[in-house]
Structures are given as C-alpha cells and as structure tokens.
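In what follows, a single structure is set out as structure tokens and then discussed.
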Amino acid sequence: MRVRFAPSPTGGLHMGGVRTALFNYLFAKKHGGDFILRIEDTDRSRFVEGAEQYIIDALKWCGIPPNEGVGFGDGPYGPYRQSERKETGIYHRYAMKLVECGAAYYAFDTEEELEQMRKRMEQAGVPSPQYNHITRQHMRNSLTLSAEEVNKLLQNNTPYVIRLKVPRNEEIKFHDIIRGWVVVNSNQVDDKVLLKSDGMPTYHLAHLADDIEMKISHVVRGEEWLPSAPAHILIYKALGLENLMPEFAHLPLILNPDGHGKISKRESRFPVFPLSWKDPREKEEFIGYREAGYFPEAFMNILALIGWNPGDNQEIMTLDEMAQKFDFAKVNKAGAKFDPEKARWFNQVYLRKKSNEELARLLMPELEKKGWKGEESYVARVCGLMKEKIHFVKECLELGNYFFEEPECKDHEFLKKKKFDENREVYRVLADALENLSSWEAPGIQETFKKTEFEGKKPDMQTFRYLISGHTSGPGLFEVAELLGKDSVIKRIKKNI
RNA sequence: GGCCCGUUCGUCUAGGGGUUAGGACGCAUCCCUUUCACGGAUGAAACACGGGUUCGAUUCCCGUACGGGCUACCA
C-alpha cells in the first residue's frame, strides 16, 4: 500500500491541501503503507520560489511527515520532483507509447489557431468549445495530416503537443472508494494535452506515469479532479495497464463558512495556511495557523473531522487514534463548510490539556520579546489561572497583561456604573485591611474582602478586579490577587483612590 | 450553458425501511459564584421539495430545486 501527496509549488499550501496530505498520511499509517511526497513542478510559468520548502515545512510542523520524497529522504523510486523525472525521459516515453498504440496524436495547432477554433465554435452556439472528437477533424494534427506532412513538420522542429485521442461515444466507468461507481460518456471528455510544446508533461500524463512507476496503490486527491478522472482511466486502458491502475478516492472539498465556493486565502476571518505565507511576487503576507496560535495537534484534529467522522462520538483524537480509526468508507461525499468557531474550540481543548509549565515555555519567548524579565515558574502560575479563559496561549499577553505590567484603569464608564466615586473609602478600608494580613493567600484575601465594610457599604468584586487588573473579567479573583502579591495589589488599589 | 458530484439542527456530523432522529460547536435558560468565566444541568434547533416502490420512507428509485466542482499547452 503506497500513497502520495503531490502538490505543485505554485504558492503556499493551503488547508485543503494539508487535509489531503493528512488523509493520505492517516491511510498509509493505518495500513502500514508508504506515504510519499512528490513535487509536481511541470508548469514553469507558475513556479513560485519558496513554495516547495513551504510545503516541506508545513508537513513537518503538522506532524505528518512523508516517509519518502522531496525533503524527507529519497526512497527507491526517486527522483521525486517531476522536473527532474522529466530528464529521465519517462514522460516522453509514456507519450510515445500512447502515440504508437493510436491512443494519442501530434497536434501542431498554434495558439491563434486554437483561439480561432474556439471563436468559431462559440459563434456556432457552443458555450465552452473543446478540442475533441469533432473539432480535431478540422485542426492541424496527425489525424488530419498525411504521414509525410507530419514527418516533415517534426523534422522541421515545428512546435507540437501530444493529445489524448478520446474515443467517440464510449461509456467510461470507474470506481471511487468514496463515491462508488461513476459513469461518464467519452463525448464529454476532451482530447487533453498530454505533452506540452515545451516538452513538459501536463498533470494528466505526469501524475499517471509517476503513479505507475512509483507503484502507487491509492490515489487520494481533491474532488476537483473527479471530472478528469475518466481521461486518466482511458490512458491506463490504452497503455494496457488496467491491472496497475490505483484505486481512487476523491475527497470532498472544504468550503467557505459564509459566501461561496472553495476556501480562499482572501478569507480574513481565519487563517487558510498552516504557516504564514508570503508570495515573493505579492505584498500581502497571509497569517498561518501556527502564527495564529494553533497547536499542530489541534490543527490536525480540526482538519481530520472535515469530511470524515469515525462514527463514535469522540472528537478529540491524537494522530495515532485517527490513523487507527481512519476509513474511506466513513469519508463524506458532500463538501463541508469550515467552522472557524469550532476550530477555536478545538485549540482551547488542546490548550487545557497542556501543563502549566509547557504553556509557560511557549509564552516565555513572547514575553522576552516585550522586554519582560521574570521567572518561568511565575509565568506557569499565570498560565494555570488563565488557562480556563483563553483559546490561545498568546491571549495571556492581552487578557492577562496585568500579570506582567501595571494596568491602566481608564474605563470611566465602568467606574461610573459601579458608583466608584461614592465608594472610594470602602476600597481604602479594604487596602488597609489587606495590608494587615499576615499571610498572603487566596482564602485569607477572600475572607478579608468579605469582612470589609465602611458605613454599611461593601466592596464590589468586579470593581476590586478592575482596580488590580484593569479588566472586568478574568480568572478567580482571589487567586489573581494572591499571585500578583500583596505589595502590588495594595499599590494598585491605592493608585486609584 | 454542458458534464460530473452532492443535499440530516445555523455549522460539522451520527444513524438508517418502523428511532422520543443521537453527538459536537455556537446560542439561550438555570445552578455554582458577591464579578466575568470555568464546571454542571436543561432547552430551542434538522431529515430541501414532488412523485414513485412499500403495510410503512428521513433512509431505496426517479424528477425538481438548491449547492459545489470541472469545462487551459494550470495543477
């Protein structure tokens, strides 16, 4: 059992791609198979600097490393980059085999000629003209030209492509593990270009040749490939390699939560990339899940449950558990809208599972960046308190800023609402009482607070919290006071009265 | 437009010829708490529609509607 993840380095790998990689990983792991990373860089015009390294880094961060392929150590089927494989002549060989058996043909049409054909067809009322069993009869190819003409053109180095000769009016039936049997009439399939005029193969030829050579047993890819699958089936048949044909699993797409269509990087409510991505040709940098504060385990858990569900009611799973339970029979057919709210919840669950010390270790670098100096053990206690309130570690910095700096109490509306001006004395009395406390621990602070009274008035908890933290909500108030320390608490109260 | 794929609470989903249609996120209410949360309890909330098949369809079949994908010498 061998599967592959085969992205093209045309930009940052987005979460849909990561999900495809994850399902491949899970499937391989479940069955003890191989998981391969193959880079499909056959389109030189769309190549983006840094994209390949990004893919590698992303898979590493996600914790789903392939055990063979670019960036992960070569196995026996290398090279794993299609641009390098091309040098071995493999694609040309496959293309020639198809030409020889009559399943493919040379086409010499220029861009202008193709454009003219499309215009003609559009005028004749065809909405999306194709190069197919009808139109190819009026084009310049080895089906319409004589053998001599073709030879002459080839000898003169006339640019050509090799196209698949799709048979007329045949039923193409294939099986998909997720969708069952799919039937398409060959009249709906166009004569796809297999080998481009620059000598590079298209996806259709390249992935197929590589899958055969790399002994891939299962092709797990996005649903966007379903319409071209019939063409791929035709190629396997023409090659006489139906016995080597992998099984197909076309995954449902991840859809935008609001709006329409596939998830896109312009969506601002949530990250779409695993790691921050900046296209060298663009200005804008897109934030990643890592930078947004997601744990890789949480991110994988979120992705796994988009389009798949093990059927029990357990939602929180480790990668190992997921792999154990993974089954294409339980993968859904319909596209799934991504839910950013639930994604946050997943991260919160994982955050609470972490020890205070672990969280502190993650927070320390951020604090140091801000110039804060202090003990990691103190930060761990802060994390312990803040844990219940936050979804992301870094929220400790915003929601718990008062643990690291003197807060500002400038919300006059709040103080007005609490009639603070009329009650200042109560808090002075509270500060004095606290000052007299011999031991500084939450229960004692609480008791003192409860006993505090001045002219029949009692202090208000929320106001007390506000005075010492600058926030109107937060973790257990007396625990907060304890951690802040006696001096600090009294100083903060007095500062405001 | 054509072709292909799909359709269970707002969202992700379980289920499957006879169920009080289950769970999760989110939302609401109550309890806990002299605050906000956390936690606990409860609640509102779904089988797209129309035809068949059947004693009986949410479940099977066919249409319709809606959604998505594809329709390049991109992947």
Side-chain angles (χ1 to χ4, degrees), chain A residues 6-11 17 40-46 82 107 109-111 114 118 125-131 159-163 176 178-180 182-185 187-190 192-204 206-207 221-230 250 252-253 255-258 260-262 302 305-316 330 332-346 348-349 352 385-390 399 418 446 449-450 458-466 469 471-477:
Chain A
S8 1
T10 53
E40 310 225 328
D41 55 348
T42 54
D43 187 356
R44 292 180 306 195
S45 67
R46 293 213 305 156
Q82 286 183 333
D109 315 280
T110 63
E111 219 171 289
L114 287 170
R118 286 193 192 104
V126 180
S128 48
Q130 293 187 318
Y131 205 114
Y160 67 89
V161 299
I162 291 180
R163 283 182 183 271
D176 183 281
I178 295 170
R179 284 149 213 285
V182 178
V183 188
V184 180
N185 186 288
N187 290 351
Q188 304 301 333
V189 183
D190 67 329
K192 290 191 190 313
V193 170
L194 266 19
L195 203 68
K196 299 186 262 189
S197 54
D198 65 358
M200 284 298 236
T202 60
Y203 170 84
H204 306 291
H207 93 277
R221 75 223 310 185
E223 192 185 349
E224 69 266 28
W225 292 108
L226 201 53
S228 54
H250 289 96
L253 267 15
L255 272 20
N256 263 328
D258 30 44
H260 302 285
K262 284 199 276 191
I302 292 160
L305 260 16
I306 300 179
W308 171 66
N309 190 295
D312 49 21
N313 278 334
Q314 190 186 339
E315 290 195 305
I316 303 299
K330 300 290 259 173
N332 290 307
K333 299 177 181 72
K337 284 186 180 162
F338 180 69
D339 184 351
E341 282 305 321
K342 190 149 187 179
R344 283 165 54 80
W345 172 79
F346 268 107
Q348 185 184 46
V349 171
R352 289 188 188 162
L385 287 180
M386 293 301 294
K387 228 174 173 177
E388 303 292 301
K389 308 283 297 185
I390 59 178
L399 297 174
K418 290 287 181 187
Q446 179 167 16
F449 179 88
K450 279 186 167 175
K458 289 181 148 294
D460 166 65
M461 267 181 95
Q462 208 175 3
T463 307
F464 180 35
R465 176 191 294 286
Y466 184 70
S469 74
H471 291 256
T472 54
S473 72
L477 176 54

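Keep in mind that this is a model prediction, so the values were computed, not measured.
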Pick out the pairs of N or O atoms, protein on one side and nucleotides 6-10 of chain B on the other, that lie under 3.5 Å.
none

Task: Distance, rounded to the nearest Å, where A:D43 contributes CG and B:rC74 contributes P - done: 5 Å
Task: side-chain N/O A:R118 vs B:rC73 OP1/OP2, d < 4.0 Å - done: yes
Task: d(CD, A:Q314; C1', B:rC12) in whole Å - done: 16 Å
Task: Atom-to-atom span, CH2 of A:W308 to C1' of B:rG23 - whole angstrom - done: 15 Å
Open item on the list: With rounding to the closest Å, how many angstrom separate the P atoms on B:rA14 and B:rG23?
Closed with: 15 Å
Open item on the list: Just to verify, which of A:D43, A:L195, A:I162, A:V193 counts as forming a side-chain contact (heavy atoms from CB on, under 4.5 Å) with A:T202?
Closed with: A:V193
Open item on the list: With nearest nucleotide decided by heavy atoms, which residue, A:D312 or A:S197, maps closer to the 5′ end of RNA chain B?
Closed with: A:D312
TODO: Provide, to the nearest angstrom, the distance between the CG atom belonging to A:D176 and the P atom belonging to B:rC70.
DONE: 16 Å
Task: Gap in Å between the two C1' atoms, one belonging to B:rU8 and one to B:rG22, rounded - done: 11 Å
Check nucleotides 35-39 of chain B against the protein and report each pair of N or O atoms closer than 3.5 Å, with its distance, or say if there are none.
{"from": "B:rU35", "atom 1": "O2'", "to": "A:Q462", "atom 2": "OE1", "distance (Å)": "2.9"}
{"from": "B:rU35", "atom 1": "O2'", "to": "A:Q462", "atom 2": "NE2", "distance (Å)": "3.3"}
{"from": "B:rU35", "atom 1": "O2", "to": "A:R465", "atom 2": "NE", "distance (Å)": "3.1"}
{"from": "B:rU35", "atom 1": "N3", "to": "A:R465", "atom 2": "NH2", "distance (Å)": "2.7"}
{"from": "B:rU35", "atom 1": "O4", "to": "A:R465", "atom 2": "NH2", "distance (Å)": "3.3"}
{"from": "B:rC36", "atom 1": "O2", "to": "A:K389", "atom 2": "NZ", "distance (Å)": "2.8"}
{"from": "B:rC36", "atom 1": "O2", "to": "A:G474", "atom 2": "N", "distance (Å)": "2.9"}
{"from": "B:rC36", "atom 1": "O2", "to": "A:G474", "atom 2": "O", "distance (Å)": "2.8"}
{"from": "B:rC36", "atom 1": "N3", "to": "A:G474", "atom 2": "O", "distance (Å)": "3.2"}
{"from": "B:rA37", "atom 1": "O4'", "to": "A:K389", "atom 2": "NZ", "distance (Å)": "3.2"}
{"from": "B:rA37", "atom 1": "O2'", "to": "A:K389", "atom 2": "NZ", "distance (Å)": "3.4"}
{"from": "B:rC38", "atom 1": "O3'", "to": "A:R352", "atom 2": "NH1", "distance (Å)": "3.3"}
{"from": "B:rC38", "atom 1": "O2'", "to": "A:E388", "atom 2": "OE1", "distance (Å)": "2.3"}
{"from": "B:rG39", "atom 1": "OP1", "to": "A:R352", "atom 2": "NH1", "distance (Å)": "3.3"}

Task: Distance test, side-chain N/O of A:R163 to OP1/OP2 of B:rC73, below 4.0 Å - done: yes
TODO: Name the orientation class of the two ring planes belonging to A:Y203 and A:W225 (parallel below 30°, tilted from 30 to 60°, perpendicular beyond 60°).
DONE: parallel
Task: Short side-chain N/O contact to B:rC25 OP1/OP2 from A:K337, under 4.0 Å - done: no
